[in-house]
Colleague: 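One structure coming up, written as C-alpha cells, with questions to follow.
Convention: sequence-line order gives letters A, B, ...; per-chain numbering from 1. What you see is a predicted model; the values in this text were computed from it and never measured.
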Amino acid sequence: MASQTPSIPKGTRDFSPVEVRRREYIFGQLKDVFRLHGYQPIETPAMENLSTLLGKYGEEGDKLLFKVLNSGNFMADAGINASSGIDSNGLSLKISEKGLRYDLTVPFARYVVQHQNEINFPFRRFQVQPVWRADRPQKGRYREFYQCDVDVIGSNSLLNEAELILIIDEAFQRLNLKVMVKINNRKILTGIAEVTGQADKIVPITVAIDKLEKIGLQKVREEMESQGIPPEAVEKLLPLLSFEGSTAEKLTFLKNYLADSETGLLGVKELEEVLGLVVSLGIHSKVELDISLARGLNYYTGIIIEVKSEEAVIGSICGGGRYDNLTGIFGLAGISGVGVSFGADRIYDVMLSLNRFPEDTQASTRALFVNFGTAEAAFAMQLSSDLRKAGISCELYPEAAKLKKQFSYADGRAVPFVIIIGEDELRDQKVTVKNMRKGEQVTIPAKELVTHLSRE
RNA sequence: GUGAAUGUAGCUCAGUAGGUUAGAGCAUCAGAUUGUGGAUCUGAGGGUCGCCGGUUCGAGCCCGGUCUUUCACCCCA
C-alpha cells in the first residue's frame, strides 16, 4: 500500500499540548479582561458569503480571501469545459459563493445587522476565533491565526476609545509584556490631504506617510511623486513629515497645520479628549500620537490604534479603530463602532521569545498513580475520584509496567507528584507520595492524600 | 503577487573535487540482581538525503521544475 508523507497547508500549524496550554493562557487572560469590562462573547461561522466579504478590505484584501468552491457540479453550472479559457476572477464568482472569514470585524458588523432586534445597544462584544488570509507566510504571519476582538457598537462616546486603551493596557499588564500604544485619527489624515489640496489622494498619501519610519523622508517623497502627488503638495507636507516632538507638541503643531480643515481639527480634538481620559485613568503602557500610523483597513473613520511590543521586533500585536458606518453596507445606517483586535499568535511568539509564560503552563497532570496490578489499580481509581472532586488533576498509568517506565513517563510529562500504591500500601490503606521535584517521598494514610496534595 | 535563500534520521547538524553498505550528538526503545524518574554505562531501532525530472558509467552533492520554511517588497494580527 502506498503511503503518503503527511503535511498540512502552507502557513498553518499544529499545536502540541504545551503550546495549546500556553495559547489557552493567553486567550484566558484576554477573555478575563474583556469580561471584567462587561463585554459579551459571540461566535460567527468560519465561512461567510463571499458577498459579505468582498470589497470590505480593499483590493489587496480581496486577493487574500480564501474562497470555498461551490458544492455540486459547479464546472458545468458555470458553463466551463476543459478547453474553455475563462479568466479566474470571473470564474471564481461563478464557482464560489462562500469564503473563509478574513477578520472578525466585518462578520461582526454583519451579525449586528442581522440580529439588530435582539441586541441592546450599545453592544459590547468580544470574539476569539481563527481567521484566514491567503498571504505569503513569514515570521509572525500565518495563513490561519486567531484574532481576539473587542468592540462596542452603537455608541459615539470617546469613553469607549479610552476604555479600549485601558483594556489593552490591562491585558498586556497581565501578560507581562511592555507595549507602546500608538494612536492616530483618520480625520487628521483626511485633514492633511485637504490642506495640501489633495483630498482625493488620501490613500496614496497615507500609505506613503506610513512608510516614513521605515524608508525615510527622501523615499517617501519619491513614492508620493510617483503616485501622482504634485510637487507643491509634497512640499506642503514636508514640515509635517519632519516634525518631531512630544505628543502634546504634535497636537499643538497639528492644530496650526490643520487650521483650514474642519475635519482635521475635529480629529485633533478627539485625540486630545481620548488622551485626556487615558491620562486621568493612569495606565502603565506608553501612549503616543503617531501621524504616520495610517495602516489598517480602509473602513476606519476616527481613532486608529496600533500596539507594538517594546521588547521584541514583530509587526503589531494589536490594532483597531473606529468605523462609523460599517453596518451601513449591510443596510443599517447611523451605527458607529470602535474596537481592537489582539493578535494571539504574535503575542504568543513574543511571549515565547521573551520566556514570559508562567511555569504552570507547563504542568499537565498534578499526580500520577503508579499501576502495580488489578487490585492496586482499583484502589487508585477510588482515590483518583477523591482527588478530582477536590479539583486535583490526576491519572492512573494504564498498565502495570516496570516502575522505571512509569516514573520516566511521569518525568517526561512533568507530573509533580507520583503516588505509589503497591502490595504493602494496599494492605495498610496507605499511599506513598513522591515529590518529583524534591525527590522526597512520604507514606501517609490514604485518607490524608487529598489534604496532603492540597497543602504541597 | 515580485525578488532571494533554505530543505540530510523525531530534533540540531556533519557529509570531504559526484564513486561501493549516508554519519554524530540529543531524543526514543531494550538491558545493567524484576517497588522508583531526571546522572552514567551497554546495545538496538530509525533516513527512497523534500518531491519530480535531467546530466553522468555513477548524484545527498551538478542542472531544471515543484512544494515547504525563512527573508525583503506588497500588505497586515
Colleague: Is the A:Y111 ring parallel, tilted or perpendicular to the A:H115 ring (thresholds 30°, 60°)?
Modeller: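 It falls in the parallel class, under 30°.
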Colleague: Looking only at the side chain of A:Q441 (C-beta and beyond, no hydrogens), which of the listed nucleotides B:A30, B:C73, B:U36 gets closest?
Modeller: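 Looking only at heavy atoms from C-beta outward on A:Q441, the closest nucleotide is B:U36.
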Colleague: What is the nucleic acid contact for A:Y146, judged by heavy atoms within less than 4.0 Å: base, sugar-phosphate only, or nothing?
Modeller: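 Answer is nothing: A:Y146 stays at 4.0 Å or more from every strand.
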Colleague: Between A:K404 and A:G61, which is nearer to the 5' end of RNA chain B once each is assigned its nearest nucleotide?
Modeller: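 Looking at the nearest nucleotide for each, A:K404 comes out on the 5' side.
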Colleague: Taking the P atom of each, how far is B:G46 from B:A22, in whole Å?
Modeller: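 The same atom, P, in both gives a distance of 13 Å.
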Colleague: Once you apply a heavy-atom cut-off of 4.0 Å, does A:V207 come out as touching a base, just sugar-phosphate, or nothing?
Modeller: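 Sugar-phosphate only.
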Colleague: If you compare every side-chain N and O of A:K10 against the phosphate oxygens of B:U68 (OP1, OP2), does one of them come in below 4.0 Å?
Modeller: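 Yes.
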Colleague: A:D210 has an atom CG; how far is it from atom P of B:C74, in whole Å?
Modeller: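 Spelled out: CG on A:D210 to P on B:C74 is 10 Å.
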Colleague: Can you find a donor-acceptor pair, distance only, under 3.5 Å between A:Q406 side chain and B:G35 base?
Modeller: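 Answer is no: no donor-acceptor pair is held.
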Colleague: Please give the distance between the C1' atoms of B:C76 and B:G15 as a whole number of Å.
Modeller: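 The answer is 41 Å between these two C1' atoms.
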Colleague: Quick one: label A:I420 by what it contacts on the DNA or RNA (base, sugar-phosphate, nothing), any heavy atom closer than 4.0 Å.
Modeller: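 The residue A:I420 makes base contact.
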Colleague: Which part of the nucleic acid, if any, lies within reach of A:D345 when heavy atoms closer than 4.0 Å are counted: base, sugar-phosphate only, or nothing?
Modeller: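 Contact class for A:D345: none.
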Colleague: Given atom CZ of A:F417 and atom C1' of B:G37, what is their separation to the nearest angstrom?
Modeller: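 Between C1' of B:G37 and CZ of A:F417: 15 Å.
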Colleague: Rounding to a whole Å, what distance do you find between A:L30:CG and B:A77:P?
Modeller: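 Answer to the nearest Å: 16 Å.
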Colleague: Given that A:S341 and A:E223 both sit by RNA chain B, which one's nearest nucleotide is further toward the 5' end?
Modeller: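 Per heavy-atom nearest nucleotide, the more 5' residue is A:E223.
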Colleague: For A:E425, report the nucleic acid contact type (base, sugar-phosphate, nothing); a contact means any heavy atom under 4.0 Å.
Modeller: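 If one applies the 4.0 Å heavy-atom cut-off, A:E425 turns out to touch a base.
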Colleague: Taking the same atom, C1', in B:G23 and in B:U16, what whole-Å distance lies between them?
Modeller: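 Their C1' atoms lie roughly 13 Å apart.
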Colleague: What does B:G18 pair with, Watson-Crick or G-U, if both distances are under 3.5 Å?
Modeller: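 Its partner is none (no Watson-Crick or G-U wobble pair with both distances under 3.5 Å).
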Colleague: Roughly how far, to the nearest 0.5 Å, is the CD1 atom of A:I303 from the CZ atom of A:R186?
Modeller: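 A:R186 CZ to A:I303 CD1: 14.0 Å, rounded to 0.5 Å.
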Colleague: Checking contacts here: which listed nucleotide (B:A30, B:A77, B:G38) is nearest the side-chain heavy atoms of A:D411?
Modeller: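 It is B:G38.
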Colleague: Determine the contact category for A:C318: base if any of its heavy atoms lies under 4.0 Å from a base atom, sugar-phosphate if only primed atoms, P, OP1 or OP2 are that close, otherwise nothing.
Modeller: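 The answer is sugar-phosphate, as A:C318 gets under 4.0 Å only of primed atoms, P, OP1 or OP2.
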Colleague: Starting from C1' on B:C73, measure out to NZ on A:K63 and report it in whole angstrom.
Modeller: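 Taking atom C1' of B:C73 as the reference, NZ of A:K63 is at 13 Å.
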Colleague: B:C76 C1' sits how many Å from A:R346 CZ, rounded?
Modeller: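 To the nearest whole Å, that distance equals 6 Å.
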Colleague: Nearest of B:G38, B:A77, B:U69 to any side-chain atom of A:P137?
Modeller: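 The listed nucleotide nearest to A:P137's side chain is B:U69.
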Colleague: C1' atom, B:U12 versus B:C75: distance in rounded Å?
Modeller: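 One C1' to the other, the span is 34 Å.
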Colleague: Return the stacking result for B:G35 and A:F372: yes when the ring centres lie under 5.5 Å apart and the planes under 30°, no otherwise.
Modeller: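 One would not call A:F372 stacked on the B:G35 base.
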Colleague: Using 30° and 60° as the class boundaries, would you call the ring planes of A:F357 and A:Y348 parallel, tilted or perpendicular?
Modeller: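 A:F357 and A:Y348: tilted rings.
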Colleague: Does a side chain donor of either A:S393 or A:T365 reach within less than 3.5 Å of an acceptor in the other side chain?
Modeller: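 Distance-only check fails for A:S393 and A:T365.
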Colleague: Nearest 0.5 angstrom please: A:L352 CG to A:R22 CZ, how far?
Modeller: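 If I round to the nearest 0.5 Å, the distance is 6.0 Å.
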Colleague: Quick one: sort the A:Y409 and A:Y397 rings into parallel, tilted or perpendicular, breaks at 30° and 60°.
Modeller: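 Aromatic pair A:Y409/A:Y397 classed perpendicular.
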Colleague: Measuring from the side chain of A:Q138 (C-beta onward, heavy atoms only), which nucleotide among B:C73, B:G35, B:G37 has the closest atom?
Modeller: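 Nucleotide nearest to A:Q138's side chain: B:C73.
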Colleague: Looking across every strand, which nucleic acid part, if any, lies under 4.0 Å from A:R143 by heavy atom: base, sugar-phosphate, or nothing?
Modeller: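 A:R143: no heavy atom of the nucleic acid under 4.0 Å.
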Colleague: B:C75 pairs with which nucleotide, Watson-Crick or G-U wobble, both distances below 3.5 Å?
Modeller: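 By the stated definition (distances under 3.5 Å), nothing pairs with B:C75.
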Colleague: Is A:K402 near enough to B:G31 that one of its side-chain N or O atoms lies under 4.0 angstrom from OP1 or OP2?
Modeller: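 It does, given that an N or O in the side chain of A:K402 lies less than 4.0 Å from OP1 or OP2 of B:G31.
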Colleague: Work out how far the P atom of B:A44 is from that of B:G25, and round it to whole angstrom.
Modeller: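 Rounded to whole Å, the distance is 13 Å.
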Colleague: Under a 3.5 Å cut-off for both contacts, is B:G43 paired Watson-Crick or G-U wobble with anything, and if yes, with which nucleotide?
Modeller: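 Here B:G43 is engaged in a pair, and the nucleotide opposite it is B:C29.
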Colleague: How long is the gap from CG on A:L189 to OG1 on A:T301, to the nearest 0.5 Å?
Modeller: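 It comes to 12.0 Å.
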Colleague: Return the nearest nucleotide to the side chain of A:K405; candidates are B:A30, B:C76, B:U36.
Modeller: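 In terms of side-chain proximity for A:K405, the closest of B:A30, B:C76, B:U36 is B:A30.
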Colleague: Verify the contact: side-chain N or O of A:K139 to OP1 or OP2 of B:U69, cut-off strictly under 4.0 Å; return yes or no.
Modeller: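 Result: no.
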Colleague: When rounded to the nearest Å, what value does the distance between C1' atoms of B:C71 and B:U6 take?
Modeller: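 Nearest-Å result for B:C71 against B:U6 at atom C1': 10 Å.
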Colleague: Exactly one of A:K139, A:R141, A:R13 should register a salt bridge (charged side-chain N to carboxylate O under 4.0 Å, His left out) with A:D345. Which one does?
Modeller: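 Only one option passes, and that is A:R13.
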Colleague: Using both distances under 3.5 Å as the test, list the Watson-Crick or G-U wobble partner of B:C13, or none.
Modeller: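 Base partner found: B:G23.
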Colleague: With heavy atoms under 4.0 Å as the rule, sort A:G373 into base, sugar-phosphate or nothing.
Modeller: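 The residue A:G373 makes no contact with any strand.
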Colleague: Give A:G412 one of three labels, base, sugar-phosphate or nothing, depending on what nucleic acid heavy atoms sit under 4.0 Å from its own.
Modeller: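 Contact class for A:G412: none.
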Colleague: With rounding to the closest Å, how many angstrom separate the C1' atoms on B:C51 and B:U69?
Modeller: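 It comes out at 15 Å once rounded to the nearest Å.
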Colleague: Does the structure show a Watson-Crick or G-U wobble partner for B:U66, both distances under 3.5 Å? Name it, or say none.
Modeller: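 Checking every strand shown, B:U66 finds its partner in B:G50, with both distances under 3.5 Å.
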Colleague: Identify whether any heavy atom of A:G58 sits under 4.0 Å from a base atom; if not, whether one sits that close to sugar-phosphate; answer base, sugar-phosphate or nothing.
Modeller: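 Nothing: the residue A:G58, judged by heavy atoms under 4.0 Å, touches no strand.
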Colleague: Which value, in whole Å, describes the distance between the C1' atoms of nucleotides B:G47 and B:G31?
Modeller: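 One C1' to the other, the span is 26 Å.
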Colleague: Apply salt bridge (Lys or Arg N to Asp or Glu O under 4.0 Å) to A:R356 and A:E311, showing your working.
Modeller: CA-CA 11 Å; A:R356 293 292 159 78; A:E311 304 162 289; 3.0 Å; yes
Colleague: Rounding to a whole Å, what distance do you find between A:D149:CG and B:C76:P?
Modeller: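 The distance from CG of A:D149 to P of B:C76 comes to 16 Å, rounded to the nearest Å.
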Colleague: Does A:K211 have a side-chain nitrogen or oxygen under 4.0 Å from the phosphate oxygens OP1 or OP2 of B:C75?
Modeller: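 It does, given that an N or O in the side chain of A:K211 lies less than 4.0 Å from OP1 or OP2 of B:C75.
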Colleague: Just compare B:G35, B:C75, B:A30 and give me whichever is closest to any side-chain atom of A:D424.
Modeller: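 In terms of side-chain proximity for A:D424, the closest of B:G35, B:C75, B:A30 is B:G35.
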Colleague: Mind listing the closest non-hydrogen atom pair of A:S309 and A:V350 along with its distance?
Modeller: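 Taking A:S309 first and A:V350 second, the nearest heavy atoms are OG-CG1, 3.9 Å.
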Colleague: If you only use heavy atoms from C-beta on, which nucleotide in B:G35, B:C75, B:G3 is closest to the side chain of A:R136?
Modeller: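 For A:R136, the side-chain atoms sit closest to B:G3.
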Colleague: From CZ of A:R13 over to C1' of B:A77, roughly how many Å is that when rounded to an integer?
Modeller: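 Taking atom C1' of B:A77 as the reference, CZ of A:R13 is at 11 Å.
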Colleague: Could you tell me how far apart A:E60 (CD) and B:C73 (C1') are, to the nearest whole angstrom?
Modeller: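 Atom-to-atom, A:E60 to B:C73, this comes out as 11 Å.
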Colleague: With both distances under 3.5 angstrom, what nucleotide forms a Watson-Crick or G-U wobble pair with B:U56?
Modeller: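 Across all strands, not a single nucleotide pairs with B:U56.
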